[in-house]
Peer 1: 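Before I ask anything, let me first share the structure, which is written out below as structure tokens.
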Amino acid sequence: MEANQSNLKKDSIVIVLFFLALIVVNGILVGTGKLKFGTEGFGIMVAAALTIALYSFLYQDNPIFKMAEHFYVGVATAYLFIVTWYSVILPDVILAWKDVGGTDVWVTISKSLAIIVPTILGLLVYTRLVPRISWVSRITFAAMIGFGAGFAIPNYITSHILKQAKPSMLSLWTAAGPQWGAIVIFVGVITTLVYFFFSVEHKGSIGFIAKVGVWFLMISFGASFGYTVMARVSLLIGRVSFLFGEWIPLIN
Amino acid sequence: MIQKLFNIDRRIIFAFIFLSVLLPFLVKFDLPIEADKNVRTVYNKIEEISQKASGGIILMSFDYDNSTKAELEPAARAILSHAFMKNVKVIGMSNWPNGVTMAKTIMEDMAKEYGKQNGVDWAYLGYKSGAGLLMLNLSMDFHGAFPTDTRGEKIDQIPLTKNIRTIKDIDYVMSLSAGSGGIEEWIIYSQSKYNYAFAGVCTAVSAPDYFPFLQSGQMHGLVGGLAGAAQYETLINKPGTAIDGMRPQSVAHLVLIFFIIFGNICYFVNKKFDMKKERA
Amino acid sequence: MKKNLPLTIAFIMGWLGILLDYIPHKVSEVLMTSITKGLMVTIAIVAFLGLYSLLNMHWIKIKRKNAGWGYSLLVFAGFFFMLIFGLYNQGDLFWKAQVEQGMVEWIYTYIFTPCQETMFSILAFFIASAAYRTFRAKSMEAGILLVAAVLVMFGVVPISGKIWSGFPEIAQWLLEYPNMAVKRAIFFGIALGVVSMSLRIIFGIERSYMGGEG
């Protein structure tokens, strides 16, 4: 109980100090004319506060971080709701009824069914909230997953097997001499496949081929790591350029 | 001593990384940026379709959100600049719901900069759920997949989109992708079936995964990460945030390489020391 | 009924997915567009269930006054802050298209965007710390991984070209040949995995989507 109260007191001090520091910095920025107080200026202040609040996690987990994190989750959830509403539900379920009426009865029926069936199928999922009839939601999942599974088969075969097999079998030796690129691709594909082939024990020559496959895999993982570093640093560059470009104008 | 270096407080490493990004922004120095062949192919394709009498139409699918904005937005702006400079028309759409406002803002900003008219020179159709389903659907029935744009205007009445029935009516399709529901799904569910010119603009994390599509011709160009965006900015001769970002990017990579090498030196010295101790 | 109906639906829908793709006929194309469009709508409706689950989890936390329930209040504060402006829709309310986003755009730009960007950029720090502590050439394989990582990491930034023009070329070669070969082999594996898993779903062997009671 005492530990809890001491934690609460510590949290309150951290929160108060954080907001005081922000008020002082923003006050200086507005006072010196480096940040204009308006919709945009206030927005930049809020964005900077949230950025610092979330970065505070790098020091240690703290209440400021948790507050920003939870508020962000709430905003993100509502945004997803709004986008789904205005992008799909409104035009494709509600406003779509405007186009249903017509002289041809069959066209009217087919257009109506094109709205009603998917809507009912979607709504059936909400039976999960009533335990007694929750099994009904399986119908929707079965339709979605069944169709997804079906149409994945021909498309994956085309894009990931048929169209990929041909460029793996290029001429390894032409009139111009050995084609090193083609050789590396051929050896790399075969040895990696052998490494993932577990039906045969990796011993002797198969073991050696699998080992070469591992070397290829390591090069690929290394390349991926190099690019991952690049990606993460780029994101940090974005935030640093915001904090020291838009908020505190240190960077031109 | 070595053990101390091993267990260095991670916050010291954090501080080094932070400074390695901040300081190069303050100290300016030039770096040679040369476009690689995959970026150049995208550039050349836009140049090629701009020669068409009708001006050519690109479909840009914004398949990312804020989480990777810093990486992909510079490329999106550079490509839009290039297209609008050359009077190529652009249709935008999104497969990621959280990126809708961002994509719309980018398109509006660039259109404003080049004096382009919504509905005539560009259009933003917004988001639809389903990713692979949407890609397959719009490839066959463009008007059915997106009955209206984000303003609620019917796309069969918008001058730019009224004649687009299928994906084949578009000259160039590109996905600006940050992962699932992007480049790979476009290739699986649409490009491999309808065989049109397709390019990818992706985050650096996923760039190595797409090289098989480049070699097989399913994807004929790739702008990867902030470095790819910097290369595109160099090609259109319009320096922007990506070129600016290459200084901190370079220094941060050097710092990280230093940490990795230093960590390994410490490891081997420590190992040698331990072996000597064991022998003694 | 509870088990067989969903399994039958999955079987029929699965075969429809396969056959419609392989039959190049006008009717199959119309059917394919109708089904894909319909499922797009269904998925959107289903998405709200995920949102409900998240909010319900935080609501229960508040109701039971679990540890950190105060933070859950902030989830609702953020949710309603965005939702109210979204539904208000500049006075047009939620049954008209969102022509202008107004306050939604402000919240998106100055709250949602910085939060999401920052959360992901934090990884830059952790990847650096992890690389320093654990990236060791303890074996030949680990050594190859380390050398490839360093070469690519260095070769992809322009400063490498300033030191020696060969660095970017080496990085590009590693990506275009050995890396590409491995990714292709993985593609074959993925495709075979997708096909076998899809067949398991269609034939009712894989039933995890039924909630574990199938």
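The structure displayed is predicted, hence computed values, not measured ones. Order of the sequence lines sets the chain letters (A, B, ...), proteins ahead of strands, with each chain counted from 1.
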Peer 1: Can you confirm whether B/Asp9 is buried at CG, in the sense that more than 12 heavy atoms of other residues, nucleotides or ligands lie under 6.0 Å from that atom?
Peer 2: yes
Peer 1: Measuring heavy-atom distances to chain B, does C/Phe154 have an atom under 4.5 Å in its side chain, in its backbone, in both, or in neither?
Peer 2: both
Peer 1: Where on B/Leu134 is there a heavy atom nearer than 4.5 Å to chain C: the side chain, the backbone, both, or neither?
Peer 2: both
Peer 1: Tell me, for B/Asn98 versus chain C, whether the close heavy atoms (under 4.5 Å) come from the side chain, the backbone, both or neither.
Peer 2: both
Peer 1: Looking at C/Arg184, C/Arg136, C/Lys183, which makes the most heavy-atom pairs under 4.5 Å with chain B?
Peer 2: C/Arg136
Peer 1: For C/Gln98, is it the side chain, the backbone, both, or neither that has a heavy atom closer than 4.5 Å to a heavy atom of chain B?
Peer 2: backbone
Peer 1: May I ask you to decide whether B/Arg247 forms a salt bridge with B/Asp30, counting only side-chain N to carboxylate O separations under 4.0 Å?
Peer 2: no
Peer 1: Between B/Gln231 and B/Arg40, is there a side-chain heavy-atom distance shorter than 4.5 Å?
Peer 2: no
Peer 1: Measure distances from C/Phe120 to the heavy atoms of chain B and classify the residue's part below 4.5 Å as side chain, backbone, both or neither.
Peer 2: side chain
Peer 1: Quick check on C/Lys138 against chain B: is it the side chain, the backbone, both or neither that has a heavy atom closer than 4.5 Å?
Peer 2: both
Peer 1: At a 4.5 Å cut-off on heavy atoms, which part of C/Met153 comes close to chain B: side chain, backbone, both, or neither?
Peer 2: both
Peer 1: If we ignore angles and hydrogens, is there a donor and acceptor under 3.5 Å between the side chains of C/Glu206 and C/Ser208?
Peer 2: yes
Peer 1: Answer with side chain, backbone, both or neither: which region of C/Leu146 has an atom nearer than 4.5 Å to a non-hydrogen atom of chain B?
Peer 2: side chain
Peer 1: Taking C/Glu29, C/Lys162, C/Gln172 one by one, which has the highest count of heavy-atom pairs under 4.5 Å against chain B?
Peer 2: C/Lys162
Peer 1: With ring pair (Phe, Tyr, Trp, His ring centres under 6.0 Å) as the criterion, how do B/Phe16 and B/Phe259 come out once you've worked through the C-alpha distance, each side chain's angles and the decisive distance to 0.1 Å?
Peer 2: CA-CA 10 Å; B/Phe16 269 99; B/Phe259 272 123; 5.7 Å; yes
